[in-house]
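Working notes for the structure below.
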Amino acid sequence: MSYFDTNHSFYKELVNIRHHIHRHPELSNEEFETTKFLKSKLTDWGVRIAPTSLPTGVIAEIGDAAKGPVIALRADIDALPILEKTNLSYASVNEGKMHACGHDFHQTSLLGAAYLLKQQEEELKGLVRLIFQPAEENHQGGKAVIAAGHLQNVEKIIGFHNHPGYPTGTIALVEGGIMAAVDQFMVKVKGIGSHAADPHLGVDTIVTMTAMIQQVQSIVSRNTNPRDPLVVSVTHVEAGNTWNVLPDEGFFEGTIRSFSKEARAHAVKRFYEIVENVAKAYGSKVEIEWLEGPNVTYNHPELTSKVFQHSQTFTNVVEATPSNAGEDFAAFQEKIPGVFAFIGSNGDENAPGWHHSDFLVKDEGLPTAVNYYVENAKYLLTEN
Ligand code: NI
């Protein structure tokens, strides 16, 4: 009987593990119970836990660096501040917190891989470092793992995200950008308030803001090569509180998503130019606050092509359509060659997407995700 036969005790345990983790979600940097749980499973299975200065997250190792290279497998472990509405028997018991991005599925898959790789430890031609990464959702964890020294000596790294758009049993990969670079902007506009009947006595904040919001759309339509994907979204606008007063200040915020350094840099530059000059033209003052999120999740072309081909030896592999969401796995790929895949977790095109309160992943996706780690880890230790 295969480990992934639905009656096999290993598969049943994996499903139980995922349901346990799903039931007990913790937010970014607060994954203390999750960390304890992961450590206890790894310790039960005899997997070495590496020392770390990280308050949450687990670094474990299997194999021997004297026998070959060091490669890393990464899964993220944090949840989101969302009230779960799935009605699952294993729904969150931590009210207002939910594994709505499926990181329960990711860490369970890496645990499963740890178990299987441990069974084959003597034959491994090098060292596999397992990174159970905290704080992906706030984009801090990847950088923290690197700052704590856990990428030291690692030659290659692989990771994945579940993807409800692909059926279980499918891996989707693409060379180059698979997830977008993320920028967040917050803009405060200061005009001069006045009676709504006497706009000439003030400086209209709302007219200034709407001009800015309209004009920044021209960054995509007029300033960027149409072959280089870019998104500019204003998502939150506030100004005024009644019908007969022109407010003296307002606020809007949003995000830019890009897939190349050039598009990103150009979009940021044009955003500042447009917003500052519109403010000037309308006589308002403006303050722009910028938060730089993860860079583009950039799949090393040669390594991705190899992982694509190797993955075809054990499952169905398709060319991925890149996502405009961001992913802090990008931090690792800036340091070393890395491959980030999508692994099918549903396959219904109407299935709720990431970060929805009724988001679901199917347990049936676990075998492919575990195999993705195990088979490609062994492959990466031996390929050059
Ligand atoms: Ni996620």
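The basis for the numbers below is simple: all heavy atoms, side chains too, and nothing from hydrogens, waters or symmetry mates. Here the structure is a predicted model, which is why all the values come from computation and not from measurement. When a ligand or atom number is given, it counts from 1 through the structure's own listing order.
- Between E249 and K188, no side-chain nitrogen of the basic residue sits less than 4.0 Å from a carboxylate oxygen of the acidic one, so the salt-bridge criterion is not met.
- Note on the Ni ion (ligand 1): protein N, O or S atoms under 2.8 Å away count 3, no waters included.
- Ion pair E327/R74 flagged as a salt bridge, since at least one NZ, NE, NH1 or NH2 atom sits closer than 4.0 Å to an Asp/Glu carboxylate oxygen.
- Contact check on D328 versus K143 returns no salt bridge, with no Lys/Arg side-chain nitrogen under 4.0 Å from an Asp/Glu carboxylate oxygen.
- The shortest distance between side-chain heavy atoms of I49 and I59 does not fall below 4.5 Å.
- Ring-plane geometry between W290 and F185 is classed as tilted, the angle between the planes lying from 30 to 60 degrees on a 0 to 90 degree scale.
- Counting heavy atoms from C-beta outward, T34 and H24 have side chains that stay 4.5 Å or more apart.
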